[in-house]
Amino acid sequence: MALLEMKNIRKRYADGRRDVLKDVSLKVDKGEILSIIGRSGSGKSTLLRCATNLIPISSGSISYDSVYMAETIDGKVKYAEKDKLRKISSNFGLVFQNFNLFPHMSVLQNVMDAPIRVQKRPKDEVREEAMKLLEKMGLESRAGYYPHKLSGGQAQRVAIARALALNPQILFFDEPTSALDPELTGEVLKVIKSLADLHIAMVIVTHEMAFAHDISDKVIFIEDGLIAQEGTPEEIFSSDNERTQAFLGRYKSIM
């Protein structure tokens, strides 16, 4: 049984002139790592935002553990009721490219906020788990710092700890290194690789091809709102598909 299943997803711009996503379907199993690659504007981040209910789909269906978050009935998209949506949302965490930390909260408070406010968990229990997560991120000494005192790499590691604090079954990363310089990029990618030990499923929109090759169980190449190719890293990066080759051509030297 798939942890996440998206079927026949379409997403149309508000002006109705163009579909950003055109009949996209995918599955993610428990513990599986999926990387999504493609050119800017191909629909990668839109797909991720649809999966996490940040934007509505125009048609298709999305389910977590066979429970529908959204489905199309008689030509209209119907989303689950609020209580069910809240329960479904507890399955996933999201790490943005620009961190999105609360500036008025310390590092520790950022990590503790959602488990206490959303999951209504005991504060002492959450604090203990949050400190363990910060230790895993190498940030225990920064627990009392505020976001403006952190480097970009540190801020992104806090964002990862914050997502993990909800104990999700699946983590979504929307180009987590795009706002970082090369040195900090390596720092964050190393942390994401270390999460594989936790056996949490991950969906990673990335432009870091070597990283996608090394970490993924499966890779999807999206072009113009369609899945142009899907397969193992070996299948994708050694593909003779013309469109895939054209996109990956400049990355071949690092494989």
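Any value given below was found using the heavy atoms of this structure, including those in side chains, with hydrogens, waters and symmetry copies removed. The structure presented is a predicted model; accordingly, all values stated were derived computationally and were not measured. Counting begins at 1 with the first residue of the sequence.
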Determine whether [X] and [Y] make a side-chain contact, defined as any pair of heavy atoms from C-beta on separated by less than 4.5 Å.
X	Y	result
Asp65	Leu3	yes
Lys136	Ser194	yes
Ile57	Met69	no
Ile33	Val203	no
Lys11	Pro56	yes
Ile37	Ile222	no
Leu34	Ile204	no
Asn100	Arg162	yes

* **Exercise: do Gln229 and Ser239 side chains pair donor with acceptor under 3.5 Å** =>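 There is such a pair between these side chains.
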* Between Ser42 and Glu223, is any side-chain donor less than 3.5 angstrom from a side-chain acceptor? ->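 No pair is found: no donor N or O on one side chain lies under 3.5 Å from an acceptor on the other.
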* Glu235: what forms a salt bridge (charged side-chain N to carboxylate O under 4.0 Å, His left out) with it, not counting sequence neighbours? ->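 Applying salt bridge (charged side-chain N to carboxylate O under 4.0 Å, His left out) to Glu235 gives none.
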* Mind checking what makes salt bridge (charged side-chain N to carboxylate O under 4.0 Å, His left out) contact with Arg49, not counting sequence neighbours? ->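 Salt bridge (charged side-chain N to carboxylate O under 4.0 Å, His left out) check on Arg49 returns Asp174.
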Can you establish whether the number of heavy atoms outside [X] located under 6.0 Å from its atom [atom1] is more than 12?
X	atom1	value
Lys193	NZ	yes
Asp197	CG	yes
Glu128	CD	no
Lys22	NZ	yes

What I want to find out is whether [X] reaches [Y] closely enough, with some N-O distance under 4.0 Å, to be called a salt bridge.
X	Y	result
Glu32	Lys218	yes
Arg86	Asp83	yes
Glu140	Lys132	no
Glu129	Arg121	yes

* Taking the six-membered ring for Trp, are Phe92 and Tyr64 parallel (under 30°), tilted (30 to 60°) or perpendicular (over 60°)? ->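 Phe92 vs Tyr64 ring planes: tilted.
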* Asked: Are any side-chain N or O atoms of Thr177 and backbone N or O atoms of Leu180, one a donor and one an acceptor, separated by less than 3.5 Å?
  ->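 Not at all, since once roles are kept as given, no pair shorter than 3.5 Å links the two residues.
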* Asked: Okay, side chain of Lys44, backbone of Arg39: is any donor-acceptor separation there less than 3.5 Å?
  ->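 Yes; judged by distance alone, with no hydrogens or angles, the pair exists.
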* same_hphob_cluster(Ile36, Ile236) at 4.5 Å side-chain heavy-atom cutoff ->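 They do not share one cluster, since no chain of ILVMFWY contacts under 4.5 Å joins Ile36 to Ile236.
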* To do: For side chain to side chain contact (heavy atoms under 4.5 Å, CB included), just list the numbers for Val126 and Lys123, CA-CA rounded to whole Å, side-chain angles, deciding distance to a tenth of an Å, and then say yes or no.
  => CA-CA 5 Å; Val126 171; Lys123 188 173 181 179; 5.8 Å; no
* Asked: Can you list the residues that meet the ring pair (Phe, Tyr, Trp, His ring centres under 6.0 Å) rule with Phe99, with sequence neighbours excluded?
  ->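 For Phe99 there are no ring pair (Phe, Tyr, Trp, His ring centres under 6.0 Å) partners, ignoring immediate neighbours.
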